Amino acid sequence: MLAKRMQRLGTETAFVVLARARALEAQGRDIVHLEIGEPDFDTPANIVAKGVAALQGGETHYGPAAGKPEVRKVFAEYIARDRGLDVGPENVVVTPGGKPIMYFVMTALVDEGDEVIYPNPGFPIYESVINFLGAKSVPLQLSEAKDFSFDIADLERLVSDRTKLLILNSPQNPTGGVLTGADLDAIARLAVKHDFWVLSDEIYSKIIYEGTHESIATRPGMLERTIILDGHSKTYAMTGWRLGYGVMPKELADAVAKLQTNCNSCTASFTQIAGAEALTGPQDAAAAMVAEFRARRDLLVAGLNEIPGITCRLPRGAFYVFPNVSQLGRKSSELESLLLDKYGVAALSGTAFGKFGEGYLRFSYANSQPQIRKALERVRAMSADLLG
Amino acid sequence: MEMRLGWLADVIDDSPTLKLDGQAKQLLARGEPVINLTVGEPDFDTPLRIREAAHRALDEGGNGYTASAGLPALRRKVADYYAARLGVSISPGEVIVSNGAKQILYNALSILLNQGDEVAVPVPYWVTYPAQIAALRARMIPVVPSHPGWKITPEDLDRAGAGRAKALILNTPSNPSGAVYTRAELEALAEYCRKTSFFILTDEIYEDLVYTGEGHIPLMTVAPDLRHRIVTVTGLSKSYAMTGWRIGFGIADEKAIGAMTRLQSHSTSNVNTIAQKASLAAFDCRDEVEAMAAAFRARRDALVADLASIPGLRFLVPDGAFYLLADVSGLVDPERPVGGCWRLAEHLLQTEKLAVVPGEPFGVPNHLRLSYAAGETTLREAAARFRRATATFGG
């Protein structure tokens, strides 16, 4: 009955593990949640107040598909200021979350048979959407030895005359890796030389612990071939509001807006108004969240490195750690199940992020320090049992 | 750099209705006294209780991700409400919440259609149907009604060759015609469907805006035996004046809902959590819904009365939704029938500042669609402008 393309659709394991964890909790088990990529903070009060005012002020009607004009303007000004780019409202498309930018951009750009290079381990939706669209997914291995980055020669080897798009994600989910300025220079030269597009997923741009975030769009020849994906879910703890946006060349923005016109019309109006407030209002709540994430990161990484059989690099961004657990002698997927079922910690197998995630687990530290301490004790117990 | 977009970017067009809407808005921005009858949304505010529920949800916080298919409490509420309305038992697993009815349709067509599959669509049709079908590289079989009234019969389906289709889209009440199928008409169509194996996507988003004695008849109530092939498409936008909240509901077989959920988990994840929580209050607002429906009915009557005596204009009184589809072929120069509705729409906008939508994108050239989601005074003025413009229209 179902269309063939449905067989090519993967899944986002985080939500599967979350459902299993919830089922165990329903049986009375105590579970520490380190599986889901969702800040545990509430949305800052100034943003909430703006959302309430918007609803009271009648922001309950359709808006233009690409987003409300005043909101596109705010988002464009923010990206222009924050990334140092010459972009305007006509370059912005507002969507319900960051995922539609991935989905619509790839739908607009990629034909069957085209090749898309994507990071592996990486956010699983990339590979799944590439395959769904009938394009060829070409994994770019991020290796621990290279601090979860890659050599430019590794990338160049994967480029062919069918390469249409490269997906970058920095700071990265699941490894927390951050591309350096030199990486961006080299990737940009390659993109211009081989004439491919870059979808730069910068959703974690504000959750960075050393230096500041840079966009590849700032490199020569890149603004005209880059789609910046950003959004409010992570920085402003607004996951449930569903607000993301893309910044891209106008012709592509028009095509993406057309797709949205035909697929879901527009993004909720009151959410857009609240999202503009997030970028123009005070930033101290967002900064406090990053400070707390940093403390949790330090706690978690130090704790993991004390556990026999586990080594963990210090991630420079996002809110995930990706420890090497290969010394525990089990496949990552087995460790995921064991850790949840026997020890009560919900985490994800590295393979949830692609084949090159074997040997790793992903812990999200979007949970409190007491919960992280509890998780560390439990992981230590697992290690002791496995290593005897 | 030369922009190399994919195949799809060329195929999907802007919704043409939005293009004229844009022109009208430009005139409005210049301070011109435009009357805009192009819009597809109620002009009312969302009922207070729903807005208050959103306010509470915002104050309480905890508005993170929900399951992709929707908040369990909302899926249960939708299941219970529509079980009563559709006359069948519905479990929460047979419900998905999406970003408007449009995404329900897109999800449903995406999981069903392979390249080259065909979808039977009655004429006139909502412009989104052909756009989504084309986007999936499937083909539309237009089904033209052979009798006046904008409603198809089993014979029309047969003549169009709908039997070979993978899916049929029904839309009652209809955008753009306002036609409402009776129980007897739906029973006849259901009988045809029983002889086929296609899926039936029944778009019932205007279910609460019906002005006949019989009222809205959900397809499911006449064909519960076909429930595993029926996808009911609905939502809160039109009934509850919630267009900007983006809440659509799909009701279908659990397997189809599961596939739609998998797709949605990739394309958008869950719908806005605050809007979902607010939607829990919607089904308690039936008084407000009925009041809005009564207002639309009064507006329709006012518009119909004023347009009836315009020479050359012919139309059927719409039984539902908030659109009137007028045949303007009597106003168009018979020597050049092509593009007549576009010329008239432009003439109305330029000479009388009246914005309406040409019928061609809906599959009916030489027609215009007028939305009556506007106050009665505005509608009376609109009709007067229409009358004046027809007198100066060169065809």
Side-chain angles (χ1 to χ4, degrees), chain A residues 1-6 9 11-12 15 19 36 38 42-43 48 51-52 55-56 58-65 95-97 99-100 103 107-111 114 125 128-129 132 164 195 221 224-225 239-242 249 251-252 255 258-259 261-271, chain B residues 1 3-9 12-15 18 40-41 45-46 51 54-55 58-59 61-68 98-100 102-103 106 110-114 117 128 131-132 135-136 199 241-246 255-256 259 262-263 265-275:
Chain A
M1 140 196 159
L2 294 182
K4 293 187 205 100
R5 66 173 78 82
M6 288 306 290
L9 207 54
T11 187
E12 193 176 348
F15 289 99
I36 209 89
E38 173 171 42
D42 267 337
T43 308
V48 171
V52 170
L55 286 171
Q56 285 168 342
E59 291 286 353
T60 58
H61 296 271
Y62 287 130
T95 48
K99 274 179 185 172
Y103 187 80
T107 303
L109 281 179
V110 175
D111 281 317
D114 282 346
I125 299 297
S128 190
V129 172
F132 182 72
K164 189 67 179 275
D195 190 24
E224 66 195 72
R225 63 177 72 249
T239 47
W241 296 68
R242 312 308 305 123
E251 197 183 331
L252 181 59
K258 269 195 225 173
L259 283 167
T261 297
N262 283 291
C263 291
N264 57 9
S265 294
C266 57
T267 305
S269 301
F270 74 96
T271 287
Chain B
M1 178 177 95
M3 173 107 24
R4 294 179 300 147
L5 296 184
W7 170 89
L8 186 57
I12 287 208
D13 198 3
D14 264 324
S15 166
L18 290 179
E41 65 175 329
D45 267 341
T46 305
R51 284 182 285 144
H55 192 159
L58 282 163
D59 284 344
N63 295 307
Y65 292 121
T66 72
S68 290
S98 297
N99 287 280
K102 201 180 262 185
Q103 193 181 16
Y106 181 73
S110 295
I111 66 155
L112 289 174
L113 300 181
N114 285 312
D117 279 348
T128 291
Q132 293 190 352
L136 294 164
F199 276 76
M242 286 181 72
T243 50
W245 301 69
R246 314 307 307 125
K255 194 173 159 196
R262 281 177 60 213
L263 174 60
S265 76
H266 284 73
S267 59
T268 56
S269 300
N270 64 271
V271 170
N272 192 307
T273 305
I274 301 138

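Values reported hereafter were calculated over all heavy atoms of this structure, with side chains retained and with hydrogens, waters and symmetry mates removed. Everything numeric here is computed off the predicted structure, so don't read it as measured data. Labels below follow one simple rule: chain letters A, B, ... track the order of the sequence lines, proteins then strands, and each chain is numbered from 1.
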Exercise. Which atom names give the shortest non-hydrogen contact between Ala131(B) and Asn262(A), and what distance separates them?
Worked result: CB-OD1, 3.0 Å
Exercise. Does His61(A) reach the side chain of Trp245(B), with side-chain heavy atoms less than 4.5 Å apart?
Worked result: no
Exercise. Among Leu9(A), Leu55(A), Ile125(A), Val48(A), who wins on heavy-atom pairs under 4.5 Å with chain B?
Worked result: Leu9(A)
Exercise. Of the listed residues (Ser265(B), Ser68(B), Ala275(B), Ala241(B)), which shares the most heavy-atom pairs with chain A below a 4.5 Å separation?
Worked result: Ser265(B)
For this session: Mind checking the CG-CG spacing from Leu2(A) to Leu263(B)? Nearest 0.5 Å is all I need.
Result: 11.0 Å
Problem set entry | Closest non-hydrogen atom pair between Met6(A) and Arg262(B), with its separation | O-NH2, 3.3 Å
For this session: Examine whether an atom of Gln56(A) lies under 4.5 Å from a heavy atom of chain B, and if so say whether it belongs to the side chain, the backbone or both; otherwise answer neither.
Result: both
For this session: Might you point out which heavy atoms bring Ser110(B) and Ala3(A) nearest each other, and give the distance in Å?
Result: O-CB, 3.8 Å
Problem set entry | Check: Arg5(A) side chain, Leu113(B) main-chain N or O, donor-acceptor pair, under 3.5 Å | yes
Exercise. With no hydrogens and no angle check, is any side-chain donor or acceptor of Arg242(A) less than 3.5 Å from a backbone partner on Asn270(B)?
Worked result: yes
Seminar exercise, completed: OG1 of Thr273(B) to CH2 of Trp241(A), rounded to nearest 0.5 Å, is 10.5 Å
For this session: Specify which of Gly100(B), Ser98(B), Ala54(B), Ala259(B) makes the most heavy-atom pairs with chain A at under 4.5 Å.
Result: Ala259(B)
Exercise. Is chain B contacted by the side chain of Thr60(A), its backbone, both, or neither, given a heavy-atom distance below 4.5 Å?
Worked result: both
Exercise. Where is the tightest heavy-atom contact between Gly58(A) and Asp45(B), given as atom of each residue plus distance?
Worked result: CA-OD1, 4.0 Å
For this session: Pick one of side chain, backbone, both or neither for Ala67(B), based on which atoms fall under 4.5 Å of a heavy atom in chain A.
Result: neither
Exercise. Of all residues at least two apart in sequence or in a different chain, which pass the salt bridge (Lys or Arg N to Asp or Glu O under 4.0 Å) check with Glu38(A)?
Worked result: none
Problem set entry | From Gln103(B) atom CD to Ser265(A) atom OG, the distance as rounded to the nearest 0.5 Å | 10.0 Å
Exercise. Looking only at heavy atoms, which two atoms of Glu41(B) and Tyr62(A) are closest? And how far apart?
Worked result: OE1-N, 2.9 Å
For this session: Select, from Val271(B), Ile111(B), Asn99(B), Leu112(B), the one with the greatest count of heavy-atom pairs under 4.5 Å involving chain A.
Result: Ile111(B)
For this session: Mark yes or no for whether Asn264(A), through its side chain, and Lys102(B), through its backbone, hold a donor-acceptor pair below 3.5 Å.
Result: no
Exercise. Taking the six-membered ring for Trp, are Tyr106(B) and Tyr103(A) parallel (under 30°), tilted (30 to 60°) or perpendicular (over 60°)?
Worked result: perpendicular
Seminar exercise, completed: If you tally heavy-atom pairs under 4.5 Å between each of Thr267(A), Val52(A), Val129(A), Thr11(A) and chain B, the highest tally belongs to Val52(A)
Problem set entry | N/O donor-acceptor pair under 3.5 Å between Asn63(B) side chain and Gly240(A) backbone | no
For this session: Measure across Asp42(A) and Gly62(B) and return the closest heavy-atom pair with its distance rounded to 0.1 Å.
Result: OD1-N, 3.0 Å
